[in-house]
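Pasting in a structure now, in C-alpha cells, and then I'll have a few things to ask.
Letters A, B, ... are given to chains in the order of the sequence lines, protein chains preceding strands, and every chain is numbered from 1.
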Amino acid sequence: MTAKTASGREIVRNTEPASERAKSWAWHLIMIAVLAIVLYPLVWVIAASLKGNTDIITDTGLWPETVTWEHFASAFDGLAGIPLWKFFWNSFVIAGLSVIGVVASCAMTAYALGRLRFPGRTLMLGIVIATLLLPGQVMLIPQYLIFSELQLTNSYVPLVIGKFLALDAFFVFLYIQFMRGIPRELDQAATIDGAGHFRVFFSILLPLLRPAVITSSIFTFIWSWNDFLGPLIYLYDMEKFPLPRLLQSYSNSEGVTNWGGMMAMTLLSLIPVVLFFLVFQRFLIRGIATSGVKG
Amino acid sequence: MSASPSTAAEPESGTAGEPGAPPDRGARGAAKRRSPGIRGGERLAGYTFMIPWLIGTAVLTVGPMAWSLYLSFTDYHLIRGGDWIGFANYTAMFDDPMFARAVRVTIIYVVLAVPVKLVASLAVAMLLSQKRRGMGFYRAAFYMPSLIAMSVGIALIWKALFSNDGVQDSIMSSFGWDGGGFLGNPSVSILMLVILAVWSFGAPMVIFLAGLMQVPQELYEAADVDGAGKWKKFVHITLPMLSPVIFFNVLMETVGAFQVFGPAYIIGGEAGSPAWSTLFYTVRIYTLAFTDFRMGYASAYAWLLVVAVGIVTLIMFRAAKQLVFYAAEDK
C-alpha cells in the first residue's frame, strides 16, 4: 500500500457505480492474464530447476512433484573444476568497473556538452546522438585488432575501457536530459561566488544528479552483467569468464545431458538482475520514461 | 532562460568602467573583468571535461570506423594479412548464398518483431493508463522481462521451452499442431526470436505510458462532448498526441532489431540452425570475422549494415516530418 501511494498515480474512487466496478474487475483480469504470460517462462524455469524427474524439458507443469536441490548443487560445482562463485565474481568485477567508468566519464561529458560553451560543442553533441543509432558491429573488428596489438585480449580492459571513455552515448544523453531540469542559476550563482567549473561540477551538479547516477549505474550493471558479445570475442581463459560465457560453454558441454543443472545455473545468473530491479525499479522506470533509455 | 541573467549583468559591467579604463582592484572591477575570463575558462574547462570522450571517440569509434571502411576494400585475413581488392568484397556478396540467407532472416525478423512488439506495448500501455489501482505494480512486472530478454540465460530457457516435446510443442500439439518444437523446425524457428522480442515489450510500453500521461485530458473531454466514440478518440487524439513517442519507439526498436546478436547466436549457433533459419546478419559478421578470420569481408558486411540502418533511419526521419505532430511547436 505504501508503495502504491508512493508512486502517486493511483486514483482511488470509493463511490464507484456497479458498472465501474465490473470494468475494474475486467481490467484486472486482463492484466493478470498478461502477467501470467509474461511471467510463465520464469516460473517454469524455477519449477524446472527443482524438479526431481529426468524429463524436465517435456514437463510443462509449474509444480514439481518431487522437489530436489541436486540441480543447484551441480550448478554450484561450476564447470571444468572452476566453482560457480568464481564466474559470479568475474561478472561482478566487470559490472562494477563498468559502473564506475560510466558514472565518472558520462557525467563529465554531459556537463561539458550540456552546460559549457566551447567551439565544436554542437558537432560533438551531434556525434554523441549519432552513435546512439550506429551499429556497434562496424567498430568491432578494428577494436579487436587494436586490443590484440596491445596484447589486451583475454583481459577485462576491452570490456570496460569504453565505459571510462564516455562511449555509452545513452548515458551521456541521460545526464544531459537530467541536467536540463537543474536550474542554471545555481551554477551561475556559484560562479559569481568564485567557484570554478570543476567546483561547480563536483560540488553543485554531481550531488543534484544523484537520481541520474543511480539510474545509469543500475542500467550499466545490468547491461554489462548480460553482455555476451564482448566476452565472447575477447576472453579465452575459462578462469576469466563472466556468467554469460559460462552458460554458453556449459550448454555446449554439460548442459546437453544435465538440463536440470543448466536451468539452475541460468536461474542463479538471473537473480542479481531481478534483485536489482526489485530494489530500484522506480529509478529504472523513471529513467527510461524521461529519457527514452532502453532496458 | 539562460540569457536573462547574463543580460541583466551586462549593464552593470558596462557602467562600471569605460573601455580602456585602468584596471581597478575593487570588487566591481573584478566583476567587470570576469566576463571574458569566464569565456576563456569555460572553453578550457569544456575541453578538459571532454578529454575522455575525445580520446574514446577518436581511438574506439571514429578511427575504427575509418579503419573498417578501409578493411572492407581489402581481403584482410587475421593470420594471412591482406591486400586492396577494390569493391570485390561488395560484389562477392551478391553471389554469396549465406549473405542472401542472413539478409532474408534479418528482414523477416525486423518486419515481424518490431510491429508486433510495438502494437502489444501500446495496447498494454493504453490499458495501464486508465490509472487503476495496482497500475504501478503491473507496469513494473511487465517491464522486468526487457531487462533480461537479451541475456544468454533467457535464450537457454527459450531453447528448453521450444524444443521437441517442450512447453510450446505440448501446448500446440493439443490443438492439433504436428510441427514439433520451433527449435527444430526451420519454417517457424524464427518465431522463437520474434516471441522473445515481443516478450520484452515492457521497455517501449513504459515510454508509451509516459507519453500517454502527457496527453491533456481536456481533449478527451471535449471529444466526449462532441460525441466521439472510442476509436475516433484513439485515431484523432491519442495517435497524433503520441506520435513523437511512437516515432521514437519505432526508430529505436527497428535500429535495435537489426543488431540482435546474443539470443540468435545461442539459439541458432554460427550456422543459424536449423537450416540457416536463424542466421542473423550480425551472427554472420561475427562468424566471418572471428571464426573464419575473414575480417576484410566481414567489414564489408558490417558497413553494409551501417548503410542499411542509415537509410532506414533517414526514411523514418523523412516520414516523421509528415506524420509526427509536435504539439509543443504550436506554442
Exercise. Which of the residues A:His28, A:Arg121, A:Gln248, A:Arg245 is involved in the greatest number of heavy-atom pairs with chain B at under 4.5 angstrom?
Worked result: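 Heavy-atom pair counts peak at A:His28.
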Problem set entry | side-chain contact (heavy atoms from CB on, under 4.5 Å) assessment of A:Leu134 paired with B:Met65 | CA-CA 10 Å; A:Leu134 184 71; B:Met65 279 183 74; 3.5 Å; yes
Exercise. Of the listed residues (B:Tyr47, B:Tyr70, B:Tyr286), which shares the most heavy-atom pairs with chain A below a 4.5 Å separation?
Worked result: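 Looking at each option in turn, the highest pair count goes to B:Tyr47.
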Problem set entry | Side chain / backbone / both / neither for B:Leu78 at chain A, heavy atoms under 4.5 Å |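 Answer is side chain: those atoms of B:Leu78 sit under 4.5 Å from chain A.
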For this session: Measure distances from A:Ile222 to the heavy atoms of chain B and classify the residue's part below 4.5 Å as side chain, backbone, both or neither.
Result: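 The side chain, not the backbone.
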Exercise. Looking only at atom types and distance, does a side-chain atom of B:Ser68 sit under 3.5 Å from a main-chain N or O of A:Val138, one as donor and one as acceptor?
Worked result: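 Yes, B:Ser68 side chain to A:Val138 backbone: donor-acceptor pair under 3.5 Å.
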For this session: Measure the CZ-CZ distance between A:Phe198 and B:Phe49 for me, rounded to the nearest 0.5 Å.
Result: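 The CZ atom of B:Phe49 is 4.5 Å from CZ of A:Phe198, to the nearest 0.5 Å.
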Exercise. Side chain, backbone, both or neither: which part of A:Met265 has an atom under 4.5 Å from a heavy atom of chain B?
Worked result: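 Neither part.
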For this session: If the plane angle is over 60° it's perpendicular, under 30° parallel, otherwise tilted; pick one for B:Phe290 and A:Tyr144.
Result: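 Rings of B:Phe290 and A:Tyr144: perpendicular, as their planes differ by over 60°.
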Exercise. Is it the backbone or the side chain of A:Arg115 that comes under 4.5 Å from a heavy atom of chain B, or both, or neither?
Worked result: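 For A:Arg115, the contact with chain B is made by the backbone alone.
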Problem set entry | Where B:Leu127 and A:Trp27 come nearest, the two heavy atoms and their spacing |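 What the structure gives for the nearest pair is O-NE1, 2.7 Å.
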Exercise. Looking only at heavy atoms, which two atoms of B:Met144 and A:Val274 are closest? And how far apart?
Worked result: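 Closest pair (atom of B:Met144, atom of A:Val274, distance): SD-CG2, 4.2 Å.
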Exercise. In terms of heavy-atom proximity below 4.5 Å to chain A, should B:Phe258 be classed as side chain, backbone, both, or neither?
Worked result: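 Neither the backbone nor the side chain of B:Phe258 comes within 4.5 Å of chain A.
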Problem set entry | Part of A:Val45 within contact of chain B (heavy atom distance under 4.5 Å) |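 For A:Val45, side-chain heavy atoms alone lie under 4.5 Å from chain B.
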Exercise. Can you check side-chain contact (heavy atoms from CB on, under 4.5 Å) on B:Leu44 and A:Phe118, steps first, answer last?
Worked result: CA-CA 8 Å; B:Leu44 182 67; A:Phe118 52 93; over 6 Å; no
Exercise. How about residues 291-301 of chain B versus chain A: which residues have heavy atoms under 4.5 Å apart?
Worked result: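 Listed by number: B:Met295, B:Ala298, B:Ser299.
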Exercise. Under a 4.5 Å heavy-atom cutoff, which of A:Thr131, A:Ile32, A:Leu35 has the most pairs with chain B?
Worked result: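 Most pairs with chain B among the choices: A:Leu35.
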Exercise. Taking atom CG of A:Leu229 and atom CZ of B:Phe261, what is their separation to the nearest 0.5 Å?
Worked result: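 A:Leu229 CG to B:Phe261 CZ: 5.0 Å, rounded to 0.5 Å.
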Exercise. Among all residues two or more places apart in sequence or in another chain, which pass the ring pair (Phe, Tyr, Trp, His ring centres under 6.0 Å) test with A:Phe147?
Worked result: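 Partners of A:Phe147 by the ring pair (Phe, Tyr, Trp, His ring centres under 6.0 Å) criterion, ordered by chain and then number, come out as A:Tyr234.
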Problem set entry | Considering all heavy atoms, the nearest A:Leu133-B:Val255 contact |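 That would be O-CG1, 3.5 Å.
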For this session: Please state whether the side chain, the backbone, both or neither of B:Val309 comes within less than 4.5 Å of a heavy atom of chain A.
Result: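 The answer is the side chain of B:Val309.
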Exercise. Checking heavy atoms, do the side chain of B:Ser200, its backbone, both or neither come under 4.5 Å from chain A?
Worked result: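 Nothing of B:Ser200, per the 4.5 Å heavy-atom cut-off to chain A.
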Problem set entry | Residue pair B:Gln259 / A:Pro135: nearest heavy atoms and the distance that separates them |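 Smallest heavy-atom distance, with atoms named: OE1-CA, 3.2 Å.
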Exercise. If you tally heavy-atom pairs under 4.5 Å against chain B, which of A:Leu243, A:Val273, A:Leu270, A:Ile233 wins?
Worked result: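 Heavy-atom pair counts peak at A:Ile233.
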Exercise. With a 4.5 angstrom heavy-atom cut-off, which part of A:Phe201 approaches chain B: side chain, backbone, both or neither?
Worked result: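 Interface part for A:Phe201: side chain.
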For this session: Provide the closest heavy-atom pair for A:Val38 versus B:Pro145 in the form atom of the first, atom of the second, distance.
Result: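 Looking at all heavy atoms of both residues, the shortest contact is CG1-CG, 3.3 Å.
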Problem set entry | Min side-chain heavy-atom separation A:Ile37-B:Trp199 under 4.5 Å |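 No; the side chains remain at least 4.5 Å from each other.
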Problem set entry | Identified side-chain contact (heavy atoms from CB on, under 4.5 Å) counterpart of A:Leu165 within the set B:Ile51, B:Thr61, B:Val59, B:Leu60 |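 The side-chain contact (heavy atoms from CB on, under 4.5 Å) with A:Leu165 is passed solely by B:Leu60 among B:Ile51, B:Thr61, B:Val59, B:Leu60.
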Problem set entry | Heavy-atom pairs under 4.5 Å with chain B, option from A:Pro244, A:Ser148, A:Pro119 with the top count |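 Most pairs with chain B among the choices: A:Pro119.
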Exercise. Does any non-hydrogen side-chain atom of A:Val128 lie less than 4.5 Å from one of B:Trp53?
Worked result: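 Yes, at least one pair of side-chain atoms sits under 4.5 Å.
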Problem set entry | A:Ile127 to B:Thr57 - nearest heavy-atom pair and separation |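 Shortest heavy-atom contact: CG2-CG2, 4.2 Å.
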Problem set entry | Choice from A:Val172, A:Leu267, A:Leu145, A:Leu39 maximising heavy atom contacts with chain B below 4.5 Å |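 The residue among A:Val172, A:Leu267, A:Leu145, A:Leu39 with the greatest pair count is A:Leu145.
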For this session: Calculate, to the nearest 0.5 Å, the distance between atoms CD1 and CG belonging to A:Ile218 and B:Leu147 respectively.
Result: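 Going from the CD1 atom of A:Ile218 to the CG atom of B:Leu147 covers 10.0 Å.
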Problem set entry | Min side-chain heavy-atom separation B:Ile154-A:Pro41 under 4.5 Å |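 No, their side chains stay 4.5 Å or more apart.
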For this session: Look at B:Phe208, B:Trp158, B:Phe142 and state which one has the largest set of heavy-atom pairs under 4.5 Å with chain A.
Result: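 Winner by heavy-atom pair count: B:Phe142.
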Exercise. Can you tell which of B:Ile55, B:Ile266, B:Ile285, B:Val124 has the highest number of heavy-atom pairs within less than 4.5 Å of chain A?
Worked result: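 Highest number of pairs under 4.5 Å: B:Ile266.
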Exercise. Considering only heavy atoms, which portion of A:Ile30 lies under 4.5 Å from any heavy atom of chain B: side chain, backbone, both, or neither?
Worked result: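 Side chain of A:Ile30 only, per the 4.5 Å heavy-atom cut-off to chain B.
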Problem set entry | Spacing of OG1 belonging to B:Thr48 relative to CE belonging to A:Met108, to within rounding of 0.5 Å |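 If I round to the nearest 0.5 Å, the distance is 8.0 Å.
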For this session: Look up atom OG in B:Ser151 and atom CH2 in A:Trp225, then write down how far apart they are to the nearest 0.5 Å.
Result: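 Between B:Ser151 OG and A:Trp225 CH2, I get 11.5 Å after rounding to 0.5 Å.
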Problem set entry | Region of B:Ile148 in contact with chain A, defined by heavy-atom distances below 4.5 Å |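 Both parts, backbone and side chain.
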Exercise. Side chain of B:Glu42, backbone of A:Arg117: donor and acceptor closer than 3.5 Å?
Worked result: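 Yes, B:Glu42 side chain to A:Arg117 backbone: donor-acceptor pair under 3.5 Å.
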Exercise. Pick from A:Asn226, A:Leu247, A:Thr266, A:Ile141: which one has the most heavy-atom pairs with chain B under 4.5 Å?
Worked result: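 When all of A:Asn226, A:Leu247, A:Thr266, A:Ile141 are compared, A:Ile141 has the most.
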